[in-house]
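We use all heavy atoms of the structure for the numbers below, so side chains are in, but hydrogens, waters and symmetry mates are not. For clarity, every value in this text was computed on a predicted model and none was experimentally measured.
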Amino acid sequence: MTRKLALIPVDARPVTYDLPKELAMVADWQLLTPPKSVLGFLKEPADFTELFQWMQAVSPQVEGIIVSIDMILYGGLVPSRINNDSKSIIEERLSQFIKIKEIYPAIEIMAFSSTMRLSNSYVNQEEKDYWDQYGKEIWSYSYHYHRYLKYQSDEDEIIFSSMKAKIPEWILEDYLQTRERNFHINQSLIDYVQQEIIDLLVFPQDDTSEYGLNIMEQEKLQEKVVRLNLHEKIYIYPGADEVASVLTARLIYQLEEEIVPTFYPVYSGIKGSLSTAMYEDRPLQESVKGQIYAFGSHTVDGPEDANLILGVNVPGRKQGDLALQLYLHDVDTNDRNIGEWISRLNHYYKQGKQIAIADVAYANGADLAMTPRLLSAFSLKQLAGYAAWNTAGNTIGTVVAQAALVHLANKKGNDTKKKKETLLLIRLLDDYLYQTIIRQEVRKAVIEENVSSRDLVKKVKELFQEKAGQLIEETGFTHTIENIYLPWDRTFEIGITLKSQN
């Protein structure tokens, strides 16, 4: 009989809403989710009344709940940055959720709550309205203020003081008050872990850097975790959209009482593996270990001890960004060797090892210099996992979760072929074809701000459909595309619905 979990996702996008459900299905679990209609839309918050009614209705049916604190308290990840509700209102929502554990004490609760990001841009699509005028100034103030507190550098003091003078007082006050409110809530979540109401807690760092107000908050949260000796129950690392998938895999293993698989990472370049990915604050090797540790496992020193080989495609020197078209010439350099990396992975595959691929050479898309070579050496169907989307943490966490659940299904003798192949194909079509190739073609053909959402999706379909059909055929799949849509009426992300002909 299929067992059940509940997920309150961070929003209703495919990677946060559909992907965890599809992953759970690989291990023959059902992941119940609220109707998308109650989860808000971009800056529009969720319907709290309907959301809490849904939680109360499904709680008696499930063995565990994976919950985005940003969703149940602020209405979603983006609303968490702009929500103006008072601290008392937010605390009331939290206490309402905590009652579920009081009524159903056997339910495992795994929660995640982001440390509010700082975007170094003038784009206010996911930020407060004033970000288009003062976004970079706020980021600079944050970065240099934190750096000054650490090193007492005169240069940092001059910069953060000049930024403070440029930002209107009411704007900086509003921003800092929002941060303080969210940080206070995050501190209180640690207390609920200590009281064993929340069983596991993740503080993902969404779009971060080495210094900043968000890193200051992270350090204070870490200090409290250390003081209360909660290291094994609270995790802090870069990520956001992949956390639900990682926790889904972790909770399934825990409830099935199965031993978690171990991972042996294989990098396409040494220098790239030691570089820091965009939007993160640590070397890629540490991001890999962080995602595996959040799942509940660890890396090993040799392939002979590993259940899974994690092939990590890294940039030669510095990670590029395909969405923003940044640092593109620092990726495919002589500081890495794709051919040798693929040969090595092939060697392990022939020895009977399961192979999964995390492509983090670029943010927001796949590596055009690597992917065709990978697909000529491996059938996509042979892989236990594949991803190349958004940040390094998003990609790595997705692949760790998928590979782990494929491993579990194989261990139990479950037939996962259809479910696994559909997952792999969606990632290839989304991460490689759309994000890497089609999105740039769409942006060259139309100016998003000047066209309706209907015309925008029409252009996406026009450019995507034919190439998608060719790629499906070339990779040996028999799927057809049922639907293509833009979840947030913009080109940054896409939704793809597939139908298997087998």
Any sub-3.5 Å donor-acceptor pair from [X]'s side-chain atoms to [Y]'s backbone N or O?
X: Glu50; Y: Ala46; result: no
X: Asp431; Y: Ala388; result: yes
X: Gln435; Y: Tyr432; result: no
X: Tyr264; Y: Gly311; result: no
X: Asp47; Y: Val38; result: no
X: Asn414; Y: Thr416; result: no
X: Thr436; Y: Ala366; result: yes
X: Glu258; Y: Tyr253; result: no
X: Thr16; Y: Asp11; result: yes
X: Lys420; Y: Leu383; result: yes

Hey, are [X] and [Y] close enough for a salt bridge, meaning a charged N less than 4.0 Å from a carboxylate O?
X: Glu22; Y: Lys419; answer: no
X: Glu63; Y: Arg3; answer: yes
X: Asp430; Y: Arg427; answer: yes
X: Glu462; Y: Lys458; answer: no

Smallest separation among heavy atoms of [X] and [Y], with atom names:
X: Ile8; Y: Trp54; result: CG1-CZ3, 4.0 Å
X: Ala306; Y: Thr262; result: CA-OG1, 3.4 Å
X: Pro315; Y: Asp330; result: CB-O, 4.4 Å
X: Val399; Y: Ala356; result: CG1-CB, 3.5 Å
X: Asp321; Y: Tyr362; result: N-CD2, 4.3 Å
X: Leu118; Y: Trp139; result: O-CD1, 3.5 Å

Exercise. Can you check salt bridge (Lys or Arg N to Asp or Glu O under 4.0 Å) on Glu340 and Arg344, steps first, answer last?
Worked result: CA-CA 6 Å; Glu340 189 275 343; Arg344 192 174 173 193; 5.1 Å; no
Exercise. Picking from Glu280, Glu217, Glu127, what satisfies salt bridge (Lys or Arg N to Asp or Glu O under 4.0 Å) with Arg117?
Worked result: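 It is Glu127; the other options fail the test.
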Exercise. Can you check whether Phe203 and Tyr235 have ring centres sitting under 6.0 Å from each other?
Worked result: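 No; Tyr235 has its ring centre 6.0 Å or more from that of Phe203.
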[atom1]/[X] to [atom2]/[Y] distance, rounded to the nearest 0.5 angstrom?
X: Leu7; Y: Lys21; atom1: CG; atom2: NZ; answer: 8.5 Å
X: Thr478; Y: Lys499; atom1: OG1; atom2: NZ; answer: 11.5 Å
X: Ile355; Y: Tyr349; atom1: CD1; atom2: OH; answer: 8.5 Å
X: Ile65; Y: Leu247; atom1: CD1; atom2: CG; answer: 13.5 Å
X: Ser121; Y: Glu126; atom1: OG; atom2: CD; answer: 9.5 Å
X: Met116; Y: Ile82; atom1: CE; atom2: CD1; answer: 10.5 Å

Exercise. Given Glu441 and Lys444, is the salt bridge (Lys or Arg N to Asp or Glu O under 4.0 Å) satisfied, shown in steps?
Worked result: CA-CA 5 Å; Glu441 294 180 3; Lys444 287 176 183 176; over 6 Å; no
Any side-chain donor-acceptor pair under 3.5 Å between [X] and [Y]?
X: Gln205; Y: Asn214; result: no
X: Arg13; Y: Tyr17; result: no
X: Asn394; Y: Thr391; result: yes
X: Asn390; Y: Tyr279; result: no
X: Thr422; Y: His479; result: yes
X: Trp389; Y: Glu493; result: no
X: Ser287; Y: Arg282; result: no
X: Arg439; Y: Asn364; result: no

Within the structure provided, determine whether [X] and [Y] are in side-chain contact (heavy-atom separation under 4.5 Å).
X: Met110; Y: Arg250; answer: yes
X: Val312; Y: Val360; answer: yes
X: Ile484; Y: Ile494; answer: yes
X: Leu42; Y: Gln125; answer: yes
X: Leu5; Y: Leu32; answer: no
X: Val67; Y: Phe112; answer: no
X: Pro261; Y: Phe295; answer: yes
X: Leu498; Y: Ile426; answer: yes

Exercise. Are Lys318 and Tyr327 in a cation-pi contact, defined as NZ or CZ under 6.0 Å from the six-membered ring centre and within 45° of the axis?
Worked result: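 Checked: cation-pi criterion met.
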For this session: Tell me, yes or no, whether the heavy-atom count around Ile259 atom CD1, taken from other residues, nucleotides or ligands under 6.0 Å, exceeds 12.
Result: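 Check fails, neighbour count at 12 or below.
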Exercise. Does CG belonging to Asn334 count more than 12 external heavy atoms closer than 6.0 Å?
Worked result: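 Check fails, neighbour count at 12 or below.
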Problem set entry | Worked verdict on Lys412 versus Glu256 for salt bridge (Lys or Arg N to Asp or Glu O under 4.0 Å) | CA-CA 11 Å; Lys412 294 168 63 179; Glu256 295 235 3; 2.9 Å; yes
For this session: Go through the steps for Ser275 and Arg317 under the test side chain to side chain donor-acceptor pair (under 3.5 Å), then give the verdict.
Result: CA-CA 7 Å; Ser275 68; Arg317 296 174 189 159; over 6 Å; no
Problem set entry | Pair Arg490-Glu448, salt bridge (Lys or Arg N to Asp or Glu O under 4.0 Å): steps then yes or no | CA-CA 7 Å; Arg490 63 183 189 181; Glu448 285 189 52; over 6 Å; no
Exercise. Under the criterion side chain to side chain donor-acceptor pair (under 3.5 Å), which of Thr395, Asp367, Thr371 is the partner of Asn313?
Worked result: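 When Thr395, Asp367, Thr371 are each tested with Asn313, the side chain to side chain donor-acceptor pair (under 3.5 Å) holds only for Asp367.
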For this session: Go through the steps for Leu471 and Phe477 under the test side chain to side chain contact (heavy atoms under 4.5 Å, CB included), then give the verdict.
Result: CA-CA 9 Å; Leu471 184 59; Phe477 288 86; over 6 Å; no
Exercise. When you look at Gln291 and Glu242, which way does the side chain to side chain donor-acceptor pair (under 3.5 Å) test go after all the steps?
Worked result: CA-CA 9 Å; Gln291 292 288 344; Glu242 84 295 338; 3.1 Å; yes
